[in-house]
Protein chains: 2
Amino acid sequence: MENHKNIDAKGISEIRKKRKSTIDPSKLAEALCQGDKTALSRAITLIESNHQKHITEANKVIALCLQKPIQSIRIGITGVPGVGKSTFIETFGQLLTSNGNKVAVLTVDPTSRQSKGSILGDKTRMESLTKDSNAFIRPSPSGHSLGGVARKTRESIILCEAAGFNIILIETVGVGQSETAVHGMVDFFLLLKLAGAGDELQGIKRGIIEMADGIAINKADGDNLPKALIAKSEFENALQLYPPKENGYRPTVSCCSATENTGIKEVWENIENYIYQSRKTDYFNKKRTQQNKNWLYETIEAKLKSDFFEDSLISNKINHYIEQIISKKISPFQAADQLIAIFKSRS
Amino acid sequence: MENHKNIDAKGISEIRKKRKSTIDPSKLAEALCQGDKTALSRAITLIESNHQKHITEANKVIALCLQKPIQSIRIGITGVPGVGKSTFIETFGQLLTSNGNKVAVLTVDPTSRQSKGSILGDKTRMESLTKDSNAFIRPSPSGHSLGGVARKTRESIILCEAAGFNIILIETVGVGQSETAVHGMVDFFLLLKLAGAGDELQGIKRGIIEMADGIAINKADGDNLPKALIAKSEFENALQLYPPKENGYRPTVSCCSATENTGIKEVWENIENYIYQSRKTDYFNKKRTQQNKNWLYETIEAKLKSDFFEDSLISNKINHYIEQIISKKISPFQAADQLIAIFKSRS
């Protein structure tokens, strides 16, 4: 552990030194593609920067990393606070590395204001996995918009895969639309649940069940086990009410305990089986292609919107138009037409 | 009936004559605001036109109509084909006019290619309501995009209200996203259901239940009545699983038979009660203001997108970029950035 800390400290001072010097995207990408974790960290930091110079450099790194093909599995993991996501990832991640995989853990948390505190927090919560040489843990980039955070995470996936990490776990904190964003960047979406004190269907966030490719009821141990088994059958019944997925697949439900390390293997077997079937029918590639297309369209739309609404003249005028709409002096459609005419005459 | 047909024929020839002459938006709006149905029809036809001259004239008419305040209730009605929407609206509409209301019926059907056939179809299905002097029935505008159809319907609501129609029924055919569009333009959203042959929860389109402010189980008559009562209690149980609405309201479930005219009054009482409560807490106005704001933003976003994607250079280039993304030569983000740069350098 002492040794590990020293390496970390050395790595950080190395990064600081390099930051001051000019970054060579080709060299950074080369080191990264050889599996150098420091280079990977540095490249992700570059992606997360909002400076134009860094964006240009980051784009070069990404372009080089895209060339290196790797057969990866991307797994999204969601669940309400307290369901034990970190403990699950800690146990699950170690199972995967012990099977010879290289595992990267990313987090999408648009509410995060990245600080040393939160980095420490994430790494503390996954202590053993942090020390695992075949694992790489990176907390959520900070950012005000989910779109921005999601984009950075999506780019980080490309980098992690180029660095040889073949299983990418993406944790979402379940705030706002972050599940939808993560669902749109993974091959398998896992919902963690708890066996609660009563009706298991209550309090499920709208639409989450529809998104899940699998449900794992965590903390299924001790006195909790009978309740967890009941919850399992309740979920199985509830899932019957939903139409099957696009690929004909019906989500599986299983029980596990991350602290007691029971049922974790079964969760992985369900995922492996799903991926095997997906690859066999080519659904796997179709889904990734569709996700990439969606990312193209979503990025364009987000940029068109931000260019418009962040324009100083528009943001000055829009409230005036809203007042006019409320006082029925203008219809929302006419207001929209006029605002767009103002924007066009300017650019 | 003979007489009615003659008036219709006269009205149509009048419209045709006027069409050839120049339209005076002020005069048209004035006649419309006096409750002239021919003027209302003509103004809606103007709204539905895609010619720039007509759009300018239509905007003037809308601006004038917005000045005339009326306390209206806008009700969306949805349900799968075969649930009996037309028969329900026929019976429900006559109940409302017999209570002294003026009722306008609009339809949102993005699949409609307006033809004499479909107009005849709509009016034939609501024969008695068509003859009712206090009712006005207008079929869906034709259009390729839901956005366009929704905008035209939203503008038609303004015109109908200015013409003195205080209850606006908006039927949606339940295709694609048309429910969401209609939900976004009404004060109350009614879901019509049938008591089926088994599990009532199966086959419900995702998200529709969440949108409903009330559910009416139609065709609850004869041998069907016991099944309808079971369905009612199943829906009531299912609704317990959803969190209450923003205004604290829980949707009501009732049974009715449009053909036997039973339970229709109860549906109206539920709606009246909802509207009364909404007005008391000012939720009614807040919701309308929010809907207007949403329309402003949605219209702007739709226009920004169509300007971009319908640009000839962009539509020529986009498939090339998608191919590059699939062959991993470029990331979706870089492709988006480059396409936007091309668009900007052009305009």
Side-chain angles (χ1 to χ4, degrees), chain A residues 55 59 62-63 65-69 151 154-155 158 199 201-207 210 238 240-243 285 288-289 291-305 307-309 314 318 321-322 325-337 339-340 343-344 347, chain B residues 55 59 62-63 65-69 151-152 154-155 158 199 201-204 206-207 210 238 240-243 285 288-289 291-305 307-309 314 318 321-322 325-337 339-340 343-344 347:
Chain A
I55 291 171
N59 281 339
I62 293 167
C65 286
L66 277 171
Q67 311 299 318
K68 198 191 166 200
R151 171 176 180 154
R154 185 68 183 70
E155 291 176 334
I158 297 171
D199 190 327
L201 283 169
Q202 284 205 11
I204 294 177
K205 216 169 132 192
R206 289 178 184 174
E210 281 97 330
Q240 293 300 317
L241 300 178
Y242 294 98
N285 285 325
R288 284 214 175 171
T289 298
Q291 286 177 344
N292 275 328
K293 278 194 204 172
N294 292 347
W295 277 93
L296 172 67
Y297 287 104
E298 284 168 22
T299 309
I300 289 172
E301 287 166 22
K303 184 91 171 70
L304 293 173
K305 274 163 70 174
D307 283 352
F308 182 87
F309 290 107
I314 296 298
I318 202 155
Y321 276 93
I322 288 173
I325 290 168
I326 293 171
S327 59
K328 292 194 175 177
K329 289 198 182 96
I330 193 171
S331 82
F333 302 104
Q334 288 164 276
D337 292 344
L339 281 163
I340 284 186
F343 182 69
K344 278 195 178 164
S347 51
Chain B
I55 292 170
N59 281 339
I62 294 166
C65 287
L66 277 170
Q67 310 300 316
K68 198 192 166 197
R151 171 176 180 155
K152 287 166 183 179
R154 187 67 181 70
E155 291 177 333
I158 296 171
D199 190 328
L201 282 169
Q202 283 206 10
I204 294 178
R206 287 178 186 172
E210 281 96 330
Q240 294 298 320
L241 300 177
Y242 294 99
N285 285 325
R288 284 214 177 171
T289 298
Q291 285 178 343
N292 275 326
K293 278 194 204 170
N294 292 348
W295 277 93
L296 172 68
Y297 286 104
E298 284 168 22
T299 309
I300 289 171
E301 288 166 20
K303 184 91 172 71
L304 293 172
K305 274 164 69 175
D307 282 352
F308 183 87
F309 290 108
I314 296 299
I318 202 156
Y321 277 92
I322 288 173
I325 291 168
I326 293 171
S327 60
K328 291 192 174 177
K329 290 199 179 94
I330 192 169
S331 81
F333 303 105
Q334 288 164 277
D337 291 345
L339 280 164
I340 283 186
F343 182 69
K344 277 194 179 163
S347 51

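Chain letters run A, B, ... following the sequence lines, proteins first and then strands; every chain starts at 1. All values below come from the heavy atoms of this structure, side chains included, with hydrogens, waters and symmetry mates left out.
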Contact winner vs chain A - B:Thr299, B:Asn59, B:Ile325, heavy-atom pairs under 4.5 Å: B:Asn59
Structural part of B:Asn285 lying under 4.5 Å from a heavy atom of chain A: neither
Part of B:Ile340 lying under 4.5 Å from any heavy atom of chain A: side chain
CA sep, side-chain torsions, deciding dist, call: B:Ile314, B:Tyr321, side-chain contact (heavy atoms from CB on, under 4.5 Å): CA-CA 10 Å; B:Ile314 296 299; B:Tyr321 277 92; over 6 Å; no
Cationic N near anionic O, under 4.0 Å, A:Lys305 to A:Glu301: no
From CG (A:Leu66) to OG (B:Ser327), nearest 0.5 Å: 10.0 Å
Atom group of A:Phe308 that falls short of 4.5 Å from chain B, counting heavy atoms: side chain
Closest-packed option against chain A by number of heavy-atom pairs under 4.5 Å, given B:Lys329, B:Gln334, B:Lys328, B:Glu155: B:Gln334
Interchain contact, B:Ser331 with chain A, by part (heavy-atom threshold 4.5 Å): both
Option that, when pairs with chain A are counted at under 4.5 Å, heavy atom only, ranks first among B:Asn294, B:Ile318, B:Ile326: B:Ile318
Straight-line distance of B:Phe333 CZ to A:Ile62 CD1, nearest 0.5 Å: 8.0 Å
Residue part contacting chain A, namely of B:Phe309, when any heavy atom lies under 4.5 Å: side chain
Chain A contacts, top residue of B:Asn292, B:Ile300, B:Ile158 (heavy-atom pairs, under 4.5 Å): B:Ile300
Salt bridge present between A:Asp337 and B:Lys303 (N-O < 4.0 angstrom): no
Inter-residue atom distance B:Arg154.CZ - B:Glu298.CD, 0.5 Å rounding: 10.5 Å
Spacing of CG belonging to B:Leu339 relative to CG belonging to A:Leu296, to within rounding of 0.5 Å: 6.5 Å
